[in-house]
Each structure stands twice: as C-alpha cells, then as structure tokens.
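As structure tokens, the structure follows; a few thoughts come after it.
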There are 2 protein chains.
Amino acid sequence: MLTQRRGQFPTREELRIWRNFIETTDALRAAIAARLLSESGLSTGDYSVLLALTEAENGRLRSSELAATIGWERSRLSHHLGRMDKRGLIRRENCTGDNRGAEAVLTGEGAAAFHRATVPHLRAIRELFVDGLTPAQVGAAGELAAALRDHLESAGGGASSR
Amino acid sequence: MLTQRRGQFPTREELRIWRNFIETTDALRAAIAARLLSESGLSTGDYSVLLALTEAENGRLRSSELAATIGWERSRLSHHLGRMDKRGLIRRENCTGDNRGAEAVLTGEGAAAFHRATVPHLRAIRELFVDGLTPAQVGAAGELAAALRDHLESAGGGASSR
DNA sequence: GGAATATAATTGACACGTCAATCATTTCCG
DNA sequence: CGGAAATGATTGACGTGTCAATTATATTCC
C-alpha cells in the first residue's frame, strides 16, 4: 500500500485517451470488415482462414495447425469451418495417419473468393489506415502495438492470470 | 493509372504494422473485458449502459437517448436491455407523455453491480493500457486515435459510403 | 493387452451484434 | 377529422465468439 505506484487510477486525460483509442480502433476494424464483406462477401474470419489455406501446402491444413496459424481457439475454428463448409468455401476431410484429426481443404470456390477479395481488401487497408496517418504515425502505431503486446504478455492479459 | 497515388497497396512493412496493430488492440480490448467480467460479472456493454444510467437524472433514460449517449444502434440496445432486465440490472418502464417510448431505469442491483465494477475496471485500464506505455506513448495513442477518427469520418468508414 | 490418460475435434448453450421486418403511437396535413 | 408518413422500440433470423461438455482416437505404462 506504501509501494503503490503513481495513481492507482488513470487520470481523467488518460481515461479520455483510452476511450478514444479503443473506440476508434474498433470503428476502424468495423469499417475494414464492412468493406471486405460488401466487396467480396467474405468476413474477416473467412479471409483469415482462406489466407492461411492459400499459403499452405496443397491448400490444406490440419484443423489444429490452422487454428494455431491464425491464433484461434479450436472451437471457434470448428464453428467457423462448419459455416464455411456449408457455403462451399472449404471442405473437410479426414486426416490420413491420425483418425482423430480433420483437415480443412480449400475449394475452387474458396480460392476464387479469396482472390476476388484480396485486392480490394489491401486497398481498404491503405485507404482507411495508412492514408489516415503520416509515415511517422504509422511507425508510432507499430511501436505502440509492440509495447502494448509486450506488456500484455508479461503483465497477464487474461482474467485468471494473476 | 498514371495519376495513381503512391503505392496502391500498403507495403509489406505497413501491412505488418496493420496486422500487429489491429490484433494487439483487439487483444487489449479482450483482456480488459475479461477482467471486468471476472471481477464484476459485467460485460463492457453492461458497464456502458450502467455508467450512462448512473450519470443520468434519476437513474433513468429514455431508450433512444441512452442509445445516443453510448453510441449504439437501437436494436442492439433493445436486445441488450432485454438481457439486463432479465438479470435484474435495469427495469423497463413506459415513457410518460409518449406512449411509444420506453425508459430504462437503474435498479438497486444494477447500481450496486456498477459500483462494485468501477474500481477494478479503472485499475485494469491503468494496468493494461497506461502502464504499458510511456507518457509520450500515451500521448501518441491519443493523436493516433484522433487522426484515424478524422480520416474515417471524412473518407467514409462504411461499406456503402462511397 | 488393456485401463488410464492425453489429444483432436465437435457440439450445445448462451452472449453479443447487425440487418431487415414489424408493431404501436404520434405527427402532419389536406 | 382521418389517412399517410414519421418516429420509437421490439422482434426474428442469422453470423459470430466463448465456455464447458462430449466424442473419438492415440498414447502410455503397468
């Protein structure tokens, strides 16, 4: 209680910045996602999955590897693959050599959708993110992200981590 | 094609920064939300609603005003109030003077939950956001947010806005 | 070999968000 | 007045995310 670091709470100004920061990044994410969806019919989740499969050997990946690649929980991926399967963007196959495994396989339709999406998506990132900042600010964004990420990883992000 | 501004697409480095930035802010948001939930049983949505009601005259607000205050769509608020009502955090009443209106009223239980939540929530914001950055970086975060927000508002965030 | 355990993936229940109806009341105006 | 349009709010359908089981196969080790 003695050793409590400077202000237990954020100052008014810090709080204002926090709210602004989190709301703005949220709006940015939503705007990019909306553009992607309207221009290609893909959600950002779809895009991540298709990107990973496109870059994978033979357009196929074991479910758990795919989850690790894009940083998703297993059950989230499972639900999402179910929806993508229903839409014909991917196909599920049994994993040869390990019968409990499953592989997600890129379909022609999935590959086509991904290719239709990529150019407009990159353009949206440039227009809404890069073009809104000076080069110095883009650099600052990178440093900010790195600092926050390091801090999160060390200081424990989760709820149960302390 | 001649007049195309500097790189139609983000550079490799810009793209790396974009991904890092968006993933990190997402992880930060998730971490703060998880802390809030585990420490108080409230979601960030609950918190926003309770904050607005707490600050309102008599702990009550007309539904549409509440939506405007916290920047939500009406239907989103309606769904959320339904869930909060079921949990006893707020109560719905008819709006005197305009029978199509509805008011959300803070219950004792809602007020108590909010008060239990606020200190740990502010602490989490300090620990996970403010403490992860130098004072200069906090300032940079504010400027970044302002720049991105301005750009989003002018350059059209939505999908249909061009 | 065969039970205990670990691993891979799916499932179900539920919270949350968006969009497009829908319903009720009020307001506008001829 | 009375019907058309505007306004306030809710609802339903569906995509998405999390958590806690559950199912199925592999591995381990006695």
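Every chain is numbered from 1 and lettered A, B, ... according to where its sequence line falls, protein lines coming before strand lines.
Within the nucleic acid shown, R87(B) has no heavy atom closer than 4.0 Å to any nucleic acid atom. Contacts of S78(A) with the nucleic acid, taken as non-hydrogen atoms under 4.0 Å apart, include base atoms. Residue-level contact check: S43(B) touches the backbone only, with heavy atoms under 4.0 Å from sugar-phosphate atoms and none from bases. Across all strands shown, H80(A) has heavy atoms under 4.0 Å from sugar-phosphate atoms exclusively, and none from any base.
When the P atom of dT10(C) is taken as reference, atom CD of E93(A) falls 13 Å away, rounded to whole Å. In this structure, the CZ atom of R74(A) is 14 Å from the P atom of dT11(C), given to the nearest Å. The CG-C1' distance, from L77(B) to dC19(C), rounds to 16 Å in whole Å. Regarding E73(A), its CD atom lies at a distance of 16 Å from the C1' atom of dG12(C), rounded to whole Å. Counting to the nearest Å, the P atom of dA8(C) and the CG atom of D98(A) are 8 Å from each other. Regarding W72(A), its CH2 atom lies at a distance of 19 Å from the P atom of dA8(C), rounded to whole Å. H79(A) places its NE2 atom 14 Å from the C1' atom of dC16(C), with the value rounded to the nearest Å. Taking atom CZ on R76(B) and atom P on dT18(C), their separation rounds to 5 Å, with Å as the unit.
To the nearest 0.5 Å, atom CD1 of residue I32(A) and atom OG1 of residue T44(A) are 10.5 Å apart.
The pair E103(B)-R92(B) does not count as a salt bridge, with every side-chain nitrogen at least 4.0 angstrom from each carboxylate oxygen. Electrostatic pairing of R91(B) and E93(B) counts as a salt bridge here, judged by a charged N lying under 4.0 Å from a carboxylate O. A salt bridge links E39(B) with R35(B): the closest approach of a Lys/Arg side-chain nitrogen to an acidic carboxylate oxygen falls below 4.0 angstrom. We find that D46(B) and R87(B) are joined by a salt bridge, their nearest charged nitrogen and carboxylate oxygen being less than 4.0 Å apart.
Between the side chain of T107(A) and the main chain of G88(A), a donor-acceptor pair closer than 3.5 Å is present. Side-chain atoms of H121(B) never come within 3.5 Å of backbone atoms of A117(B) as a donor-acceptor pair (strictly under, hydrogens ignored). No side-chain donor-acceptor contact under 3.5 Å links T118(B) to the backbone of F114(B).
Between K86(A) and N99(A), it is K86(A) whose nearest contact on DNA chain D lies nearer the 5' terminus. Place G97(A) and G45(A) on DNA chain D by their nearest nucleotides, and G45(A) ends up nearer the 5' end.
Note that the first and last nucleotides of DNA chain D, 5' to 3', having any atom under 4.0 angstrom from a heavy atom of chain B are dT7(D) to dA13(D).
Contact annotation: R100(A) does not reach the phosphate of dA6(C) (side-chain N/O to OP1 or OP2, under 4.0 Å). Taking only side-chain nitrogens and oxygens, R83(B) comes nearer than 4.0 Å to OP1 or OP2 of dC16(C).
For R62(B), the salt bridge (Lys or Arg N to Asp or Glu O under 4.0 Å) partners at least two apart in sequence or on another chain are D98(B).
Nearest heavy-atom pair across L128(B) and H151(A) is O-CD2, 3.6 Å.
Taking five base pairs at each end of the helix from dG1(C)-dC30(D) to dG30(C)-dC1(D) and finding the rotation axis that steps the C1' atoms of four pairs onto the next four gives two axes whose angle is 10°, to the nearest 10°.
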